[in-house]
Structure formats: structure tokens, C-alpha cells
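Some notes on the structure that comes next.
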Amino acid sequence: MVKWSFSGLKDFVNCPRQYNEVKVKQNYTKGVTEQMRYGTEVHKALEEYVRDGKPLPDFYARFKKTVDALKEIPGEQYVEYKMALREDKTPCDFSAPDYWVRGIVDLMIIDGDTAFVTDYKTGSAKYADPKQLRLMALMTFAHFPEVKHVKGALVFLLNNGFVTEDYSRAKADSYWARFAPDLARLKLATDTDVWTPNPTPLCGWCPVTACQFHKER
């Protein structure tokens, strides 16, 4: 069984060679950029603001109006909520040894049979990828049997932009099918230990300096 997450599967699709060297073999480590550090700090500040009522630092006050609108959605709030599924798609603890896939929702609000699933983004909306919302919706359906509908949103904090998706429990099988091709490729690479590099203009920023496509070679 190959364990995965949305970010891990995305890394594999972007470049199987880098995924293997960084995540599987751990021969290389991705550096923490200023953008990544900023994103982590913003997520932490919003987590503490929504869950604990801790005031936002002045330099994050610009996000208050957007987050306050989300907080006003009626229902039970779950902040930085961890979910995991076994391979048979049944729910399990996030740290269970037999987990198959897992992820964390920045903010989830459940009101009756509807869940609102939100993921904060500190980057550009130009490359929005709603597949992350699809996976979170599927895990929500598994963990909360009463939920029939999920309204998902990628919230781009810097420009107050939203990318929204609606999901229905009745269509869960079709949502899972969207992940099947990439998961099949990941399993094949794992079974055969063949991790084909995918050269792109981003190769110069890749930590796998031994790759034949690295910019410095």
C-alpha cells in the first residue's frame, strides 16, 4: 500500500524523480523559502485567531475581514482538523499505522447535512488547484456520515479571492475516480522502482542536484 496526501501526490505528478529522492529516499531536502515561511506564519496566526480568539498581529490584520466572514457561517467549527482514511476509504485516526491518505482542513464548519471546507492560500490564484478541495470533501464524507453536501473554497488571502466547488455525497465515486490515474502511476513507480524525471523550467530550483536535468549540470 502506498500512503499519500494531496501535496505528496502533486509532487509526484510534477516530478517522480524529485518525489522519490526527497520524500521516499530522503536523499535531499527542499529548502524553506520566504514564501513558505510566510504561509506557515499566516496559517498559525489564523488558527489561533479563529480557534482561540487571539488577536491577529497588525501585519496580518488585512485578513481579518475575510476570516470574520467565514467565522460567521453558522455551525460547529473545526480548526486545523486532521482526517485520514484507510485504503478501503473508511475513517481512521490521523496517526493510525494503517492510514492510506490523510490531510488537514484549515477551517471546516458543519451545519446539519452541509459542511463548509476552507483552505487558506497565501500565493497567487493564477494556479488554483481545486483537487485539494475534492479530496477534503471525500474525507469529510467519510468522517461525518451526516454530511451530504460540501461547499469548498480556496481562499486567496492576499487578494481576497475565492475559488469555490460544490460536492455531493452521491457523486463520491466519481470524485475518487479523478485521483485514480495519478495513484496508479504512483503505485507503478513504487512497485517497479522507476522514477522518471520530468524536466521543466523549475529544474533550476530542484534540490536533486544529481539529476541530469538540474540547471547546474
Side-chain angles (χ1 to χ4, degrees), residues 3-13 39 42-44 46-47 49-51 63 65-96 98-183 186:
K3 297 179 184 294
W4 63 290
S5 65
F6 174 78
S7 61
L9 186 62
K10 187 174 182 178
D11 285 346
F12 169 77
V13 171
V42 169
H43 275 72
K44 184 65 175 177
L46 295 182
E47 174 188 352
Y49 174 65
V50 176
R51 186 192 62 212
F63 306 140
K65 183 177 179 179
T66 298
V67 178
D68 281 348
L70 296 172
K71 288 175 59 181
E72 290 175 2
I73 297 173
E76 186 171 359
Q77 296 182 356
Y78 298 83
V79 180
E80 293 296 312
Y81 191 72
K82 298 178 178 180
M83 294 186 287
L85 303 179
R86 303 180 184 88
E87 194 169 13
D88 64 0
K89 301 184 179 66
T90 57
C92 64
D93 187 78
F94 191 79
S95 58
D98 62 340
Y99 91 86
W100 174 58
V101 60
R102 62 186 183 182
I104 303 174
V105 177
D106 290 336
L107 174 61
M108 177 167 59
I109 301 173
I110 296 182
D111 183 22
D113 67 355
T114 300
F116 299 84
V117 172
T118 302
D119 190 82
Y120 306 131
K121 298 295 182 185
T122 53
S124 169
K126 183 177 180 180
Y127 303 108
D129 189 352
K131 289 195 295 293
Q132 182 176 8
L133 295 174
R134 189 178 304 139
L135 180 59
M136 291 300 102
L138 287 165
M139 287 199 276
T140 300
F141 289 139
H143 279 261
F144 297 89
E146 72 275 18
V147 171
K148 306 301 180 186
H149 308 281
V150 171
K151 295 181 178 296
L154 299 177
V155 181
F156 291 88
L157 296 164
L158 294 177
N159 60 7
N160 197 29
F162 290 79
V163 173
T164 61
E165 295 264 316
D166 291 342
Y167 303 99
S168 168
R169 177 182 290 275
K171 298 181 180 179
D173 288 345
S174 67
Y175 303 148
W176 278 118
R178 306 279 187 89
F179 293 100
D182 290 338
L183 290 173
L186 175 58

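We're numbering straight along the sequence, starting at 1. Everything numeric in this text was worked out from a predicted model, so none of it was measured.
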Side chains of Val147 and Ile110 in contact at under 4.5 Å (non-hydrogen atoms): yes
At what distance, to the nearest 0.5 angstrom, does CD of Glu80 lie from CG of Asp106? 4.5 Å
Answer whether the closest heavy-atom distance between the side chains of Glu146 and Asp113 falls below 4.5 Å. no
Using every non-hydrogen atom in the two residues, find where Pro91 and Ala142 come nearest and quote the distance to one decimal. CG-O, 3.5 Å
Strictly under 6.0 Å, is that where the ring centroids of Phe179 and Trp4 end up? yes
Over 60° means perpendicular and under 30° means parallel, so tell me whether Tyr81 and Phe144 are parallel, tilted or perpendicular. tilted
With a 4.5 Å limit on heavy-atom distance, are the side chains of Asp88 and Trp100 in contact? no
Shortest non-hydrogen separation from Phe94 to Gly103 and the atoms involved: CE1-O, 3.7 Å
Does Phe12 form a side-chain contact (heavy atoms from CB on, under 4.5 Å) with Asp182? I'd like the steps, not just the answer. CA-CA 9 Å; Phe12 169 77; Asp182 290 338; 5.7 Å; no
Leu133 versus Gly152, closest heavy-atom pair with distance: CD1-C, 3.7 Å
Validation row: Phe141, Val150 side chains within 4.5 angstrom (heavy atoms): yes
Under 3.5 Å donor-acceptor, Arg102 side chain and Lys82 backbone: no
Are the side chain of Arg134 and the backbone of Tyr175 linked by a donor-acceptor contact shorter than 3.5 Å? no
Output the distance between atom NZ (Lys121) and atom CG (Leu158), rounded to the nearest 0.5 Å. 12.5 Å
Within the distance-only criterion (no hydrogens, no angle test), does the side chain of Arg86 pair as donor or acceptor with the backbone N or O of Asp98 below 3.5 angstrom? no
What's the separation between atom NZ in Lys71 and atom OH in Tyr49, rounded to the nearest 0.5 Å? 4.0 Å
Provide the closest heavy-atom pair for Thr140 versus Ala115 in the form atom of the first, atom of the second, distance. CG2-CB, 3.9 Å
Rounded to the nearest 0.5 Å, what separation is found between the CD atom of Gln132 and the CD atom of Glu165? 12.0 Å
Please say whether more than 12 non-hydrogen atoms of neighbouring residues, nucleotides or ligands are located less than 6.0 Å from NZ in Lys89. yes
Any Leu85 side-chain heavy atom under 4.5 Å of Met83 side chain: no
Working to the nearest 0.5 Å, report the span between NE2 of His149 and CZ of Phe116. 11.0 Å
Verify, without hydrogens or angle tests, whether His43 (side chain) and Tyr120 (backbone) share a donor-acceptor contact under 3.5 angstrom. yes
With a 4.5 Å heavy-atom cut-off, do Val105 and Tyr78 have their side chains touching? no
Flag the pair Asp119 / Met136 as yes when at least one side-chain heavy-atom distance between them is below 4.5 Å, and no otherwise. no
Report, as yes or no, whether the 6.0 Å neighbourhood of atom NZ on Lys148 holds more than 12 heavy atoms from other residues, nucleotides or ligands. yes
When you compare the side chain of Leu157 with that of Leu46, does any pair of heavy atoms fall below 4.5 Å? yes
Quick check for you: to the nearest 0.5 Å, what is the distance between Leu135 atom CG and Tyr167 atom OH? 9.5 Å
